[in-house]
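Everything below concerns the one structure shown next.
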Amino acid sequence: MPELPEVETVVQSIRDGLINNEFEHIEIRWPKVLFNFSEDEFLNNLVKRKIQRVERRAKFIIIGFNEDILAIHLRMTGKLYFQNNIPQNKHISAVIKINNGNYLIFEDTRKFGRFYYYQSQDYLNNKLGIEPLSNEMNGRILLNILHSKKRIIKALLLDQHIIAGLGNIYVDECLWKSNIHPETISNKIPEKNITILSKMIKSTLQSSIKAKGTTVVDFTFLNGRSGKYSDQLNIFGKEGNPCPKCSEIIIKKKVAGRGTHFCPDCQVIEY
DNA sequence: CCATGAACCTGGTCGC
DNA sequence: TGCGACCAGGTTCATG
């Protein structure tokens with residue numbers, strides 16, 4: 001499901017209900033949800049400890065205690081939200097009781113979502129790439145990254161080890177806005193387009209966060225409200241429709257293993 | 001180093 | 001209405 005803006009939206013929606021509170025208990029309904037630790041370890045290490053911070057790193061939700069963290073990845077269909085009673089919905093992977101009486105629910109239809117426990121955030125930081133909304137990210141850095149590799153640009157932008165947070169929707173949108181064909185080899189892309197791409201990545205993600213993310217199928221947060229960025233999509237899911245810039249018909253094709261939308265007229269492979 | 005396809009799961013949609 | 005094929009916002013692993 002969620003990419004950076006949707007995860008950021010979830011973090012903002014649960015932060016106030018967690019900061020300075022404590023976990024009291026956890027009920028595991030899908031055992032695989034705990035990826036690298038056990039239910040006992042959860043109870044021994046994470047219960048009755050004050051939550052210091054709730055943040056996002058790439059597509060991970062970080063719940064920080066002291067140095068150690070509980071990291072949650074929603075994958076495709078994960079939802080994390082509060083409820084004041086124990087729900088009986090079909091696809092709930094875990095229920096965490098909070099000391100204020102609420103329950104933090106992890107609901108996940110496809111069961112790909114996972115909880116990770118790490119002694120510090122370093123492990124994640126070391127394997128994740130640059131945050132696209134950080135000051136570190138700019139046209140110069142992006143040029144260095146793209147020109148130091150010879151990879152299909154779509155695959156490169158989806159690779160979390162390099163730039164962390166983009167997913168299928170926002171990659172398609174940003175490449176379209178920058179007039180870059182998704183199959184272009186990264187080191188062939190002109191500097192001019194990369195400068196624009198860097199700006200489009202930032203502005204697109206920021207606009208989406210403002211709209212509380214994109215709802216494609218069933219992304220919700222809080223009381224089932226959905227993100228409004230869907231209204232601002234130009235290319236994703238628009239195959240068969242005219243390109244908003246040139247009116248050519250939008251194409252959908254598999255690139256880097258993912259359904260990929262682009263305008264065959266605006267987005268040209270440059271050499 | 002990189003591309004590809006499968007695997008992990010469930011449910012929705014489309015064509016016949 | 002039923003059924004199979006295919007698709008889905010993500011990531012990881014094996015293979016060539």
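Residue numbers start from 1 in every chain, and the chains themselves are labelled A, B, ... in the order their sequence lines are given, proteins ahead of strands. No hydrogens, no waters, no symmetry mates; every other heavy atom, side chains included, goes into these values.
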Worksheet, complete the sentence: Ranking B/dG11, C/dG9, C/dT12 by distance to the side chain of A/His161, first place goes to C/dT12

Worksheet item: Can you tell me the Watson-Crick or wobble partner of B/dC9, both distances under 3.5 angstrom?
Response: none

Discussion item. Check the phosphate of B/dG11 against A/Lys90, side-chain N and O only, distance under 4.0 Å to OP1 or OP2. Yes or no?
Written reply: yes

Fill in: Rounded C1' spacing from C/dC6 to B/dG5 in Å
16 Å

Item to complete: Any strand is fair game: report the nucleotide pairing with C/dG9 by Watson-Crick or G-U wobble, both distances under 3.5 Å, or none.
Response: none

Practice prompt. Could you check whether A/Phe112 and the base of B/dC8 form a stacked pair, meaning centres closer than 5.5 Å and planes differing by less than 30°?
Written response: yes

Worksheet, complete the sentence: A/Phe60 CZ to C/dT11 C1', in whole Å, measures 9 Å

Practice prompt. Using only side-chain N and O atoms of A/Gln160, determine if any of them is under 4.0 Å from OP1 or OP2 of C/dG10.
Written response: no

Worksheet item: Quick one: is B/dT10 close enough that its OP1 or OP2 comes under 4.0 Å of any side-chain N or O from A/His91?
Response: no

Discussion item. Of the options B/dA3, C/dT12, B/dC2, whose atoms approach the side-chain atoms of A/Lys149 most closely?
Written reply: B/dC2

Worksheet item: Looking for any heavy atom pair under 4.0 Å, which part of the strands does A/Gly257 touch: base, sugar-phosphate only, or nothing?
Response: nothing

Worksheet entry | First encountered from the 5' end of DNA chain C, between A/Lys127 and A/Arg110 | A/Arg110

Item to complete: Grab the CG-P distance between A/Leu158 and C/dA8 for me, whole Å please.
Response: 13 Å

Practice prompt. Measure from CG on A/Asp159 to C1' on B/dA3 and round the result to the nearest Å.
Written response: 12 Å

Worksheet item: Can you tell me how far P of B/dC8 sits from CG of A/Asp108, to the nearest Å?
Response: 16 Å

Discussion item. Output the rounded distance in Å from CG (A/Leu124) to P (C/dG10).
Written reply: 17 Å

Fill in: Touch class at under 4.0 angstrom, heavy-atom based, for A/Lys254 against every strand present
nothing

Discussion item. Please tell me if A/Arg151 has a side-chain N or O lying less than 4.0 Å from either OP1 or OP2 of B/dC1.
Written reply: no

